[in-house]
Amino acid sequence: MSGASLSPGRRAWLRFRANRRGYWCLWIFLAAFGLSLFAEVLSNDRPLVVRYEGQLYWPLWHYYPETTFGGDFRTATDYLDPFIRARLSEGSNWALYPPNPYRFDTLNYFAPSPNPAPPSRVNFLGTDDRGRDVLARLLYGFRISVLFGLALTAIGVALGIVAGAVQGYFGGRIDLTFQRLIEVWGAIPELYLLLILASIFEPSIWILLAILSLFGWIGLSDYVRAEFLRNRQLEYVTAARALGLSSLQIIRRHVLPNSLTPVIAFLPFRMSAAIVALTSLDFLGLGVPPPTPSLGELLAQGKANLDAWWISLGTFGVLVGTLMLLIFIGEALRDALDTRKG
């Protein structure tokens, strides 16, 4: 296929693939995020399936009391209890545990060392100061961070596109009024607002998402506004107005598709900024409530337990690795959308 017959999207994809570093970083990030979506299967304190006295049980999806497996109490079964493990391994009984037999909130009462325990065959990356498995908290915390970054980026992009499109397309007094309002709104300190709301409401990830979304669109709207100001004077827009198309139709069909280049190029960078924001708030104690797994909370534990190097080292590796992957993807995406490159 000749270069002249390739569509713009196909040419952009070929330029993206030509950047090997960004291309492979994309696949590594997607693979890591895909694995984290199955965190309950990969890291859980309940077996995936149990065969006990000729019957199959599915503890991962159903609740079974301890008496089901020969215990004395009708409370929830602790599948890490040595007595229960012995019962599930007697005779023809067996249990299939996840690769990492701990959930993010599982307290390992049977750890061979006092908490925080160093890495061992029992806990591959050690435990934190409460006896919870660090590997499990990293896996679940990575998933929450990425999902939070995706949600915050999506909301910020939607609001930024709407605000920038209205300013750039109509211009004049509408543009000036919006700019003054944005300047006032952007001058509000986010941290103070978070402190005030944290004292009023119980902290949750939804409150964090709502507050950060109120400010996350401002930077993107400037780029969209600049693109609309440039594109609204072009000939194809003038021709569309002469044909009687409404402003909404012109924006949706003509101006917006040709103004999305900076939006797409900045998506990985905005996502990395959202992950850093969540981690920073969790580190300061203003983020998600305990015992929600969080990279920032693990960093705070590492700061409080300097001798437990495995907490800080593992969390630092996951956080820096995630941000590097996103930055390399963003650089490759920016180059792919640069039409000056062959």
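The basis for the numbers below is simple: all heavy atoms, side chains too, and nothing from hydrogens, waters or symmetry mates. This structure is a prediction, so every number in the text was calculated from the model and none was measured.
In this structure, W94 places its CH2 atom where more than 12 heavy-atom neighbours from other residues, nucleotides or ligands lie under 6.0 Å away. Counted within 6.0 Å of CZ on F38, heavy atoms from surrounding residues, nucleotides or ligands total 12 or fewer; the atom is thus considered open. By the neighbour-count criterion of 12 heavy atoms within 6.0 Å, atom OH of Y109 is sparsely surrounded, having that number or fewer from other residues, nucleotides or ligands. Within 6.0 Å of the CZ atom in R180, the count of heavy atoms belonging to other residues, nucleotides or ligands exceeds 12. Within a 6.0 Å sphere centred on CD of E235, other residues, nucleotides and ligands contribute 12 heavy atoms or fewer. Counting heavy atoms of neighbouring residues, nucleotides and ligands inside a 6.0 Å radius, atom OH of Y79 exceeds 12 of them.
Looking only at side-chain heavy atoms (C-beta outward), S43 and P98 stay at 4.5 Å or farther from each other. Looking at Y97 and R85, their side chains come closer than 4.5 Å, going by heavy atoms from C-beta outward. Proximity of V146 to F29: side-chain heavy atoms (C-beta onward) are separated by under 4.5 Å at one or more points. The shortest distance between side-chain heavy atoms of Y57 and V49 does not fall below 4.5 Å. Counting heavy atoms from C-beta on, the side chains of R252 and S247 never come closer than 4.5 Å. Proximity of V237 to R241: side-chain heavy atoms (C-beta onward) are separated by under 4.5 Å at one or more points. With a 4.5 Å cut-off on side-chain heavy atoms, M271 and L150 count as touching. Within the 4.5 Å cutoff, side-chain heavy atoms of P118 are placed close to those of W310.
L286 and I188 fall within the same hydrophobic cluster, where Ile, Leu, Val, Met, Phe, Trp and Tyr residues are linked whenever their side-chain heavy atoms come under 4.5 Å apart, directly or through other members. Under the 4.5 Å side-chain heavy-atom criterion for Ile, Leu, Val, Met, Phe, Trp and Tyr, I155 and L212 are members of the same hydrophobic cluster. One hydrophobic cluster, built from ILVMFWY side chains closer than 4.5 Å, cannot hold both L181 and F228; they sit in different ones. In terms of hydrophobic clustering, with Ile, Leu, Val, Met, Phe, Trp and Tyr side chains grouped at heavy-atom distances under 4.5 Å, L35 and M324 are assigned to different clusters. Follow the hydrophobic side-chain contacts under 4.5 Å out from F215 and you never reach V162; the two are in separate clusters.
Rounded to the nearest 0.5 Å, atoms CD1 (I174) and CD (Q167) are 10.0 Å apart. To the nearest 0.5 Å, atom CZ of residue R230 and atom CD of residue E227 are 4.5 Å apart. To the nearest 0.5 Å, atoms CG (L26) and CD1 (I28) are separated by 9.5 Å. Interatomic distance, L256 CG to N231 CG, rounded to the nearest 0.5 Å: 10.0 Å. Atoms CD1 and OG, on I144 and S294 in that order, are 7.5 Å from each other to the nearest 0.5 Å. Note that the OH atom of Y102 and the CG atom of L125 stand 12.0 Å from one another [nearest 0.5 Å].
The two atoms that bring G22 and F16 nearest to each other are O-CZ, 3.9 Å, heavy atoms only. Closest non-hydrogen pair, L245 versus R253, comes out as CD2-NH1, 4.1 Å. The nearest pair of heavy atoms linking T75 to Y63 is C-OH, 3.5 Å. When all heavy atoms are compared, the tightest approach of S221 to A163 is CB-CB, 4.2 Å. Residues F83 and G71 come closest through the heavy atom pair CE2-CA, 4.0 Å. A pairwise comparison of heavy atoms in F328 and R21 identifies CD2-NE, 3.6 Å as the closest pair.
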- prompt: Can you list the steps and then say if W217 with I161 is a side chain to side chain contact (heavy atoms under 4.5 Å, CB included)?
  reply: CA-CA 8 Å; W217 56 272; I161 288 177; over 6 Å; no
- prompt: Going through the checks in order, is the side chain to side chain contact (heavy atoms under 4.5 Å, CB included) test met by Y223 and V263?
  reply: CA-CA 8 Å; Y223 293 100; V263 176; over 6 Å; no
- request: Evaluate side chain to side chain contact (heavy atoms under 4.5 Å, CB included) for L295 paired with D282, printing each intermediate quantity in order.
  value: CA-CA 8 Å; L295 300 180; D282 290 335; over 6 Å; no
task: Go through the steps to decide whether N115 and D128 satisfy the test side chain to side chain donor-acceptor pair (under 3.5 Å), and finish with yes or no.
output: CA-CA 7 Å; N115 297 316; D128 62 8; over 6 Å; no
query: How far apart are the C-alpha atoms of D175 and F170, what are their side-chain angles, what is the distance that settles it, and do they pass the side chain to side chain contact (heavy atoms under 4.5 Å, CB included) test?
result: CA-CA 7 Å; D175 184 25; F170 295 102; over 6 Å; no
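One N or O on the side chain of T77 and one on the backbone of P65 form a donor-acceptor pair closer than 3.5 Å. A side-chain donor-acceptor contact under 3.5 Å links D133 to the backbone of A136. N44 places a side-chain N or O within 3.5 Å of a backbone atom of R46 that can act as its donor or acceptor partner. A donor-acceptor contact shorter than 3.5 Å is absent between the side chain of R132 and the backbone of F104. Between the side chain of S312 and the main chain of W309, no donor-acceptor pair closer than 3.5 Å is present. Proximity of a side-chain donor or acceptor of S272 to a complementary backbone N or O of F269 within less than 3.5 Å is detected. Within the 3.5 Å criterion, the main-chain N or O of N123 finds no donor-acceptor partner in the side chain of T127. Put simply, the side chain of Q55 never gets that close to the backbone of Y52: no donor and acceptor are under 3.5 Å apart.
Evaluation of the side chain to side chain donor-acceptor pair (under 3.5 Å) test over residues 139-162, restricted to residues two or more places apart or in two chains, returns E40-R143.
Geometric assessment of R17 against the ring of Y23 yields a positive cation-pi assignment under the 6.0 Å and 45° thresholds. Figure legend: R137 and F142 shown without cation-pi pairing, the cationic atom not lying both under 6.0 angstrom from the six-membered ring centre and within 45 degrees of its axis. Taking the ring axis of F69 as reference, the NZ or CZ atom of R87 does not stay both within 45° of it and closer than 6.0 Å to the ring centre.
Comment: R15 does not engage D335 in a salt bridge, judged by the lack of any side-chain N to carboxylate O separation of less than 4.0 angstrom. Ion pairing of E297 with K303 is absent here, as no side-chain N (NZ or NE/NH1/NH2) approaches a carboxylate O to less than 4.0 Å. Comment: R103 engages D105 in a salt bridge, judged by a side-chain N to carboxylate O separation of less than 4.0 angstrom.
For the side chain to side chain contact (heavy atoms under 4.5 Å, CB included) test with F148, the passing option among L208, V288, I275, T279 is L208; the others fail. When each of I182, L176, T177 is checked for a side chain to side chain contact (heavy atoms under 4.5 Å, CB included) with Q179, only I182 meets the rule.
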